[in-house]
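Because only heavy atoms are used, hydrogens play no part in the values below, and waters and symmetry mates are left out as well, while side chains stay in. First the proteins, then the strands, lettered A, B, ... as listed; each starts at 1.
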Protein chains: 4
Amino acid sequence: MDAIADESQTSRGGVYFHFPNREAIFIALLNRTTQRLTRKIGEALSSHDDPVARADAALYTVMRTFSRHRGIARLLMMEGHGLGRDFSLQMDRVRAGFSAIIQREIEEAVRTGIIEPVDSEVTATAWFGALNEVITRWALSKDSPRSLEESYATLRTLLMRSVGVDSRRDGLR
Amino acid sequence: MDAIADESQTSRGGVYFHFPNREAIFIALLNRTTQRLTRKIGEALSSHDDPVARADAALYTVMRTFSRHRGIARLLMMEGHGLGRDFSLQMDRVRAGFSAIIQREIEEAVRTGIIEPVDSEVTATAWFGALNEVITRWALSKDSPRSLEESYATLRTLLMRSVGVDSRRDGLR
Amino acid sequence: MDAIADESQTSRGGVYFHFPNREAIFIALLNRTTQRLTRKIGEALSSHDDPVARADAALYTVMRTFSRHRGIARLLMMEGHGLGRDFSLQMDRVRAGFSAIIQREIEEAVRTGIIEPVDSEVTATAWFGALNEVITRWALSKDSPRSLEESYATLRTLLMRSVGVDSRRDGLR
Amino acid sequence: MDAIADESQTSRGGVYFHFPNREAIFIALLNRTTQRLTRKIGEALSSHDDPVARADAALYTVMRTFSRHRGIARLLMMEGHGLGRDFSLQMDRVRAGFSAIIQREIEEAVRTGIIEPVDSEVTATAWFGALNEVITRWALSKDSPRSLEESYATLRTLLMRSVGVDSRRDGLR
DNA sequence: CATGAATGAGCCTTCATTCAT
DNA sequence: TATGAATGAAGGCTCATTCAT
């Protein structure tokens, strides 16, 4: 709380005027970050009709966005634990939310015949995990040797192929 | 520490007879779990020559092992944070270690021409993340609706296809 | 810490707002006491030119000051041990400091021919020890039967004669 | 207790077979040391009839004895605090005991006219303090630069003169 | 709205002591 | 007699939270 107060150019008591407790600060930060990212993903998705292009755009958006906010990524990944039940629940909801977006897209792709039927829940979880791990390792590495965006192409190819989509189709980069 | 002492049928001081401090308990638990799992993976790998079969066996081993130790999985995933620098470093080493195993297998598969050249580091990270997320969500779910082993087939297909291996080859299950 | 907090009309945490740790409290108390006493001794010394009168005044000052602060004397003498390296070092420095003051005065007296040459270090240590023991026994006695100031005359005579100064010269009392 | 057990070539429990508790060990050590020193002092005293020679012999005995047992001196002076009420009481008794010996000798010297009447209690306390401080500083110094016995001559002169005895009479050294 | 001194529950750890073997 | 694993009271300290100003 001291560090937060200092960083906010205010006092410990001042922080408590705006937030009821420490956990609420992180929940607010998590929600704001989530909303912004969700909105950006939504915009990326709505810019394309082709399912593969949609997934591609969303993936690229996520990676580019995080690459510009490494601090927040680290904060939520490192300080998020031990904050209490509410934060954990919210974090679960967030992860489930992103997985749900992925799952919806996959199911739509199945419906339109772009990809063969799959267990969309497990697939979405795996995709989310793959993306999340790549970002996490980048965020937590002491000196981010490789740019996050450099991993985009590889990750794109992996995810597409994993559901049987030919990776040679052009990606965003 | 009270909870650990109670669960161990001993007293707070009794725990400190066996471990120098709280962090050491978790590090020991992490190391033992890691060693056992690494050994099992090694055995699975050495039971096969075919790269795909090797990966398949390793994946199945990991999922089956975790499915039998949900408690430990939860413990390390939930209590592991905020334990101090040493535990975090060790946890990083563990993740890196598992990723390295995957990476090694991938590079071997590339070398033998089973799969096309890929960025093995990103691929290994993504695979690890996918597997880790599936296990984590299973471990943290309130009432494990689906058995972890049910997800094996789907995950196997996803990972294989992601590097261009035909999924119709028979898996372990 | 509980006792200190209670006595200070505050809480355990409240004490830690003002001091970084327990040891620091005693070091601060020791330093403040030392500074005050040193200042008083300095004033007593500078009020006289005659070496004997100077020593006399300093001795009287010390005994009168302690006679008014028996609690602090007891506290520092009884609670001071087992507080850690820093406190012990500081306490040593304090003792050495007072001995140094005595030694300086003795050497000056030798230089001006008031007393014959002596081993000033051992003499200063012995003087300090004599004074310290008289004060300590008074401070630690259950019911201080005799006033500390009653011992002044005897101690004065002993110390003066010990370096060959005629004790029949009038003291402060 | 661990250190004591190790040093005694036994175990923690083994120590408790011989002593009821930690404090008792130090009390026993204190008493044995006290008895031995008291006996040696008694022997030194009974070897002479002349009061000055008696005091001289006792002083020399004390300093020589301690110079050979620096470890015990340090132990009792450093570990003695915080051992509980019983040890403190016993330590007080020991100090009082030695002071009483000194006081008795002084009173005898007064009675026989060797020295003029003095406040024997304060004088004995001061003598004890002087001797104690010289020994303590020697014992606690990191690297005992000067032998304790080197201080004997100076201390002897100081104490003798403090009660009006001509110091030019030959000492034991 | 802001401040920061104060609060106190709770944490990890120590260590003299006990006791079954 | 000896062992050493176990005990648990007590200690110092942290930090999210409160509240008078």
Side-chain angles (χ1 to χ4, degrees), chain A residues 1-27 79 81-87, chain B residues 1-27 79 81-87, chain C residues 1-27 79 81-87, chain D residues 1-27 79 81-87:
Chain A
M1 294 304 293
D2 240 7
I4 291 172
D6 283 357
E7 198 78 13
S8 313
Q9 306 268 34
T10 183
S11 62
R12 229 164 305 145
V15 175
Y16 277 92
F17 180 81
H18 298 285
F19 295 93
N21 55 46
R22 181 176 141 94
E23 194 176 3
I25 297 170
F26 285 87
I27 291 179
E79 301 280 338
H81 296 272
L83 277 177
R85 173 162 247 67
D86 286 348
F87 182 83
Chain B
M1 293 306 294
D2 256 349
I4 291 173
D6 284 355
E7 198 75 13
S8 311
Q9 306 266 38
T10 182
S11 61
R12 229 164 307 138
V15 176
Y16 277 94
F17 183 83
H18 298 285
F19 295 93
N21 54 47
R22 180 176 144 90
E23 192 177 4
I25 298 171
F26 285 88
I27 290 179
E79 300 281 337
H81 295 271
L83 275 178
R85 176 159 248 73
D86 284 349
F87 183 82
Chain C
M1 294 305 296
D2 258 347
I4 291 172
D6 285 355
E7 197 77 14
S8 311
Q9 307 267 38
T10 183
S11 62
R12 228 164 307 139
V15 176
Y16 278 93
F17 182 82
H18 297 286
F19 295 92
N21 54 47
R22 181 176 143 93
E23 192 177 4
I25 297 171
F26 285 87
I27 290 179
E79 299 282 337
H81 296 272
L83 276 177
R85 178 160 246 73
D86 284 349
F87 183 83
Chain D
M1 294 303 294
D2 240 6
I4 290 172
D6 284 356
E7 198 76 14
S8 312
Q9 307 268 35
T10 183
S11 64
R12 230 163 304 143
V15 175
Y16 277 92
F17 180 81
H18 299 285
F19 295 92
N21 55 44
R22 179 175 143 93
E23 193 176 2
I25 297 171
F26 285 87
I27 291 178
E79 300 281 336
H81 296 272
L83 277 177
R85 173 162 247 69
D86 285 349
F87 183 83

Indicate the atoms forming the closest heavy-atom contact of [X] with [Y], along with that distance.
X        : Y        : answer
Ile25(D) : Met1(D)  : CD1-CE, 4.0 Å
Ser8(C)  : Ile4(C)  : OG-O, 2.6 Å
Glu23(A) : Leu83(A) : CD-O, 3.0 Å
Arg12(A) : Ala5(A)  : N-CB, 3.6 Å
Tyr16(D) : Asn21(D) : CE2-CA, 3.9 Å

Nearest whole angstrom, please: distance from the [atom2] of [N] to the [atom1] of [X].
X        : N       : atom1 : atom2 : answer
Asp6(B)  : dG8(F)  : CG    : P     : 11 Å
Ile4(C)  : dG12(F) : CD1   : C1'   : 11 Å
Phe19(C) : dG12(F) : CZ    : C1'   : 16 Å
Leu83(C) : dG12(F) : CG    : C1'   : 12 Å

Whenever both distances are under 3.5 Å in a Watson-Crick or G-U wobble pair, mark it; put DNA chain F into dot-bracket that way, with [ ] for crossing pairs and | when the partner is on another strand.
-> .||||||||||||||||||||

Between dC1(E) and Thr10(A), is there an OP1 or OP2 to side-chain N/O distance shorter than 4.0 Å?
-> no

Toward the 5' end of DNA chain E, by each residue's nearest nucleotide, Gln9(A) or Ser11(C) = Gln9(A)

Give the B/S/- string for nucleotides 14-21 of chain F, one per nucleotide from 5' to 3', where a protein heavy atom under 4.0 Å of the base yields B, of only the sugar-phosphate yields S, and otherwise -.
-> B-SBB---

